[in-house]
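Working notes for the structure below.
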Amino acid sequence: MDYTSTRSQCSVGSARTIAQGIADDGGLFVPRSFPRLDATAMQKLAAGDYRARAREILSLYLTDFTADEIAHSVGAAYSGKFENDDPAPLVEAGEGRFFLELWHGPTCAFKDMALQLLPHLLTAAAGKVGGGKESVILVATSGDTGKAALDGFADIPGTKIVVFYPQDGVSAMQKLQMISQRGSNVFVCGIAGNFDHAQSGVKAIFSDEAMKRDLAAKNLTFSSANSINFGRLAPQIVYYVSAYCDLVRRKKLVPGQRFNVAVPTGNFGNILAGVYARIMGVPVGKFICASNRNAVLSDFIATGVYDRNREFFTTTSPSMDILISSNLERMLHLLSGGDGEFVGRKMEQLRTTGRYAIPEAMLAQLQEIFFGGSCDDEAGARRIGKLFSETHYLVDPHTAVAAEVCERYREATGDASPCVIVSTASPYKFAGAVLPAIGVKTPPSDGFAMLEKLSETTGTEIPAPLAALRGAEILHKTSVAPSEMARFIRDALL
């Protein structure tokens, strides 16, 4: 399989796509065509476990890699790293509502699904096309990607990883996870800004020719663990295919029956992976794109106008506090039939004016696939409380946004199809927001006391990776202005 840029016509293999991370023209790599799964292939996948499904799906996209390389990567990522060796369990809570729990990995967030795998893929890819250079993984995070990437790449030979996070824009537990990360090759830095500042800064550094020359002189080259890297998206496709297989195997769907998917959405990568699974043959009827108060995506789906010129809100679902959704560029490439010039123009408009609009015909295509809705903190908290009181099922604020918008979609359309609600983080990562939502009026102020109170109140266990953070040594104390991000990298690496 070959890949091209969203902004021009090029052709590169899967190893180059993963090792490079971003195209030379600033665009994102996308498949030139998509593999298809017929009924026989789906039946075979349904009979296997998650690792077997991952090996099969990844082999269709990563054709530069041998079967042994893929098997090794999948085994290293998904064996012994997730609770009960079950990376993506599907839990029914309410009639026809299935929560796809993607947070049973070492950092208690869905990013583990890709970032436990990506270091192994990147190491193999660098061996094929890297020319002997050491990879510098450059990451901007709104909370969960940072820790998942740090955990995945820590002490991986031939790599260094640099993570930037908004110092006041992540939860206390997310921040502690990052700033206590051990590893001889890890560098963590807060910025005085929001995720969009971090993401824009990282993109600018990727395009800084002087920086690239200086890195090359030290035998270093940039790559990415953000979802701009297709090596992040490919593993995410797997869990949508797997969820469908599990529904069929458990006789919740008959083969070919349509179901809906609700995704809490910020940077658009998670939901885009679902769209790719749909193209492959997974019978998703509607993708419910759920935003928090930073509703730039749901507004785009409603109007066809993407406009980041708006107030930025800090919410209880910080991983979705985003106004520049990078992976939407890949969706524009799909909608435009692969028109790189069109996508390039829209991205330039976004860079220079902060907005762009798509034609009516393209908007109609978009609305055929997506329903967009937004949910503020108060509505999300009510949904957490309602789910827990009615089903004794506990969700975090991000998952609550998806569950709330899912219910609004059902009410607005009358569509009662089974729905997979993508659950992206453990509620314990956001105990400070979850406790009041389930009726604890005066939660403790200490983070670990919050975890204990949540466990005591709900009868659920504190995830081991979070419990282990008690007393963790703070190792990364630097914070800079967005304009100083490049200097931090130079000081750290050069």
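What you see below is based on every heavy atom in this structure, not just the backbone, and it leaves out hydrogens, waters and symmetry mates.
- Put simply, the side chain of S200 never gets that close to the backbone of H197: no donor and acceptor are under 3.5 Å apart.
- Judged by distance alone, the side chain of D377 and the main-chain N or O of T316 form a donor-acceptor pair under 3.5 Å.
- One distance of note links CE of M347 with OH of Y306; it measures 8.5 Å at 0.5 Å rounding.
- Side-chain atoms of F313 and N292, non-hydrogen and from C-beta on, never get closer than 4.5 Å to each other.
- For the residue pair R53 / S242, a side-chain donor-acceptor distance below 3.5 Å is found, with atom types taken as modelled.
- Sorted by first then second residue, the salt bridge (Lys or Arg N to Asp or Glu O under 4.0 Å) pairs that include residues 324-340, not counting sequence neighbours, are R7-E329.
- Using modelled atom types, one finds a donor on one side chain and an acceptor on the other under 3.5 Å when comparing S326 with Q199.
- The closest side-chain donor-acceptor pair between D68 and T66, if any, does not fall under 3.5 angstrom.
- Annotation: side chain of S319 is not in contact with side chain of T424 (no heavy-atom distance under 4.5 Å).
- Using a 4.0 Å cut-off between a side-chain N of Lys or Arg and a carboxylate O of Asp or Glu, E341 and K346 do not qualify as a salt bridge.
- Residue Q257 qualifies as enclosed at atom CD: its count of foreign heavy atoms under 6.0 Å is above 12.
- With hydrogens and angles left out, the side-chain atoms of Y165 and S142 include no donor and acceptor closer than 3.5 Å.
- For the pair E348/Y356, no side-chain contact is recorded, criterion being any heavy-atom separation below 4.5 Å from C-beta on.
- Put simply, the side chain of Y240 reaches to within 4.5 Å of the side chain of V263, judged on heavy atoms.
- The shortest side-chain heavy-atom distance between D2 and T63 does not fall under the 4.5 Å cut-off.
- Between Y409 and F371, the gap from one ring centroid to the other is short of 6.0 Å.
- Residues H104 and P89 are in side-chain contact: their nearest non-hydrogen atoms beyond the backbone lie under 4.5 Å apart.
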side-chain contact (heavy atoms from CB on, under 4.5 Å) between V12 and F29: does it pass, once the steps are laid out? CA-CA 9 Å; V12 300; F29 288 119; 3.6 Å; yes
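- By the 6.0 Å contact criterion, CD on Q367 is enclosed, its count of non-hydrogen atoms from other residues, nucleotides or ligands being greater than 12.
- Contact of the D321 side chain with the F195 side chain is not registered, since no non-hydrogen atoms from C-beta on lie closer than 4.5 Å.
- Here K44 does not pair with D38 in a salt bridge; the nearest charged N to carboxylate O distance is not below 4.0 Å.
- Using modelled atom types, one side-chain atom of R250 and one backbone atom of L90 make a donor-acceptor pair closer than 3.5 Å.
- A salt bridge between R310 and D299 is present, with a side-chain N of the basic residue lying under 4.0 Å from a carboxylate O of the acidic one.
- Salt bridge present: K252 and E92 bring a charged side-chain N and a carboxylate O closer than 4.0 Å.
- Taken from CZ in R55 to CG in L60, the straight-line distance is 13.5 Å, to the nearest 0.5 Å.
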Hey, mind stepping through Q177 and D144 against side chain to side chain donor-acceptor pair (under 3.5 Å) and telling me if it holds? CA-CA 9 Å; Q177 284 183 304; D144 287 331; over 6 Å; no
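- Side-chain contact between F206 and L138: present, with at least one pair of heavy atoms (C-beta onward) separated by less than 4.5 Å.
- Atom CD in E56 sits 9.5 Å away from atom CD1 in I70 (nearest 0.5 Å).
- Using the six-membered ring where Trp is involved, F34 and Y61 have ring planes that are perpendicular, over 60° apart on the 30 and 60° scheme.
- Between R308 and D196, none of the side-chain N atoms (NZ, or NE/NH1/NH2) sits under 4.0 Å from a carboxylate O, so this pair counts as no salt bridge.
- Relative ring orientation between F268 and F370 is described as tilted, the plane-to-plane angle lying within the 30° to 60° band.
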